[in-house]
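Input: a single structure, listed below in structure tokens.
Only heavy atoms go into these numbers, but all of them, side chains included; no hydrogens, no water, no symmetry mates. As the structure is a prediction and not an experimental result, all values here were calculated from the model.
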Amino acid sequence: MKVEEALTDAMAASVAEVEAPPTLGGGVRRRHRVHVLRFRTAGAALAVAVLAAGAPVYLAATAGPEAAGVTSGTSTVRVVTKVAVPDVTNKTFAEAQAALQAAGLVGEKTTGDEDVFGQDPKPGVEVETGSTVKLYLVDKPPNALGDLGDGRAFGGITLGYLPDGLVWGSWSNKWPGPSGGTSYTTTFDAPDTPAGHYGIQVFVHEGEVGERVDAAIRNENVQTVDIGDRRAYLSSVSEGGDHSRLGTQQGAEPSTPTIGFRLTDDLAVEVAMNPERAEKIGMDAVAAELKKIAEGVRASK
């Protein structure tokens, strides 16, 4: 049997069971993927485009029957299959597993119990079929302060203003400071947002733990503004807690636009905005919105 004939038979056997779903063409166009099945010999090359649930499948053979694995009427062809990792962020673990399984991959939960907020490899990266994708899930949010109603009154403060369309995130937390005092926090976002997401997050620091805000106001890397008769800092805060000018970024992760101020001698408040929300509305609007939220905060005890 000639090499070309053996490869043709192998090709037919490989694609005989492949059926492309009706919606796959649109999916391929949306994700800019190319699906190609290739056969190569020393003297000739065959290329057949195949729409399948996998990604590019490459079959290679070298010159000569023996080198191609063709001996005594049989053929051996090495198949390497790769697939682009789908984007499974904001899905539940079960939904993410199903999407990865459909792509020929395996999902492995590494943290949390709520929705997926990160994955490794990232979406679009090509990996071999059967590879494991690590999934990072949001921890189930605590509700340390109980039912807060609309969430505007907590930790000794009341929020008088929130941007339109934001509702309480149905969770809250509190923790002691390293040198005394207690911090409280909760979030606000659009209705039906997956758990763990936020548009605006508010922190209240009671007692000595509020000194962190005093230190930030004195930081030369921040902008200071007036909130009533009190000074406030306005800055971008990195994941490590470092301050920089509003709109700048430190490191690989986006910094968080934040305003912080002393509400009373015993209470300090910080209001943070999700970097994605900040990017959508623009930095001038970010500064105005954070300042307006801060101006509407009142002490409730």
Side-chain angles (χ1 to χ4, degrees), residues 114-115 138-217 222 224-235 237 241 246 256-278 280-281 285-301:
E114 298 292 320
D115 295 336
V138 177
D139 289 326
K140 186 175 182 179
N143 195 10
L145 304 181
D147 185 1
L148 297 179
D150 61 5
R152 289 181 178 235
F154 74 100
I157 71 163
T158 299
L159 296 167
Y161 167 78
L162 283 172
D164 290 340
L166 299 189
V167 298
W168 182 44
S170 300
W171 77 279
S172 63
N173 202 8
K174 66 178 181 179
W175 63 95
S179 58
T182 303
S183 292
Y184 308 86
T185 188
T186 193
T187 58
F188 303 86
D189 206 343
D192 303 322
T193 300
H197 291 240
Y198 75 100
I200 296 293
Q201 183 165 7
V202 182
F203 300 85
V204 180
H205 307 296
E206 186 179 57
E208 293 182 15
V209 69
E211 293 176 0
R212 58 176 283 173
V213 174
D214 301 329
I217 293 173
V222 308
T224 57
V225 296
D226 289 327
I227 302 298
D229 59 352
R230 296 178 180 270
R231 298 297 287 168
Y233 78 79
L234 190 58
S235 73
V237 183
L246 189 67
T256 303
T258 308
I259 192 169
F261 60 100
R262 275 278 178 186
L263 180 63
T264 68
D265 291 341
D266 193 50
L267 290 177
V269 178
E270 291 179 294
V271 181
M273 182 182 295
N274 188 315
E276 292 183 0
R277 177 182 177 88
K280 288 178 181 178
I281 69 175
V286 168
E289 195 164 89
L290 287 176
K291 192 169 185 291
K292 190 172 181 179
I293 296 171
E295 289 171 340
V297 178
R298 299 287 182 268
S300 59
K301 66 177 182 180

Heavy-atom side-chain contact between [X] and [Y] under 4.5 Å:
X	Y	value
Thr258	Phe203	no
Pro176	Val209	no
Arg231	Asp226	yes
Asp150	Trp168	no
Ile157	Tyr184	no
Ile200	Asn274	no

Please report the interatomic distance [atom1]([X]) to [atom2]([Y]), rounded to the nearest 0.5 Å.
X	Y	atom1	atom2	result
Leu148	Trp171	CG	CH2	11.0 Å
Leu145	Asn173	CG	CG	7.5 Å
Glu289	Leu162	CD	CG	9.5 Å
Thr158	Arg298	OG1	CZ	10.0 Å

Item checked: From CA spacing to verdict: side chain to side chain contact (heavy atoms under 4.5 Å, CB included), Phe154, Val202 -> CA-CA 10 Å; Phe154 74 100; Val202 182; 3.9 Å; yes
Distance-minimising heavy-atom pair for [X] and [Y]:
X	Y	result
Ser183	His205	OG-ND1, 2.7 Å
Ala232	Ile259	CB-CG1, 4.1 Å
Ser235	Val237	OG-CG2, 3.8 Å
Lys174	Ala144	N-CB, 4.0 Å
Ala287	Leu246	CB-CD2, 3.8 Å
Gly155	Leu267	O-CD2, 4.1 Å

Next item on the list: Please name all residues satisfying salt bridge (charged side-chain N to carboxylate O under 4.0 Å, His left out) with Arg262, sequence neighbours left out, ordered by chain then number.
Entry: Asp214
Check: Can you list the residues that meet the salt bridge (charged side-chain N to carboxylate O under 4.0 Å, His left out) rule with Asp266, with sequence neighbours excluded?
Finding: none
Taking the side chain from [X] and the backbone from [Y], do they hold a donor-acceptor pair closer than 3.5 Å?
X	Y	result
Asp147	Gly149	yes
Asp189	Tyr198	yes
Ser172	Thr185	no

Checklist line | Worked verdict on Lys291 versus Leu234 for side chain to side chain contact (heavy atoms under 4.5 Å, CB included) | finding: CA-CA 9 Å; Lys291 192 169 185 291; Leu234 190 58; over 6 Å; no
Item checked: Derivation of the side chain to side chain contact (heavy atoms under 4.5 Å, CB included) call for Gln201 and Thr256 -> CA-CA 10 Å; Gln201 183 165 7; Thr256 303; over 6 Å; no
Item checked: Between Tyr161 and Glu295, a side-chain donor and acceptor under 3.5 Å -> no
Next item on the list: Under the side chain to side chain contact (heavy atoms under 4.5 Å, CB included) rule, what do Ile217 and Val222 come out as? Steps first, then yes or no, please.
Entry: CA-CA 7 Å; Ile217 293 173; Val222 308; 6.0 Å; no
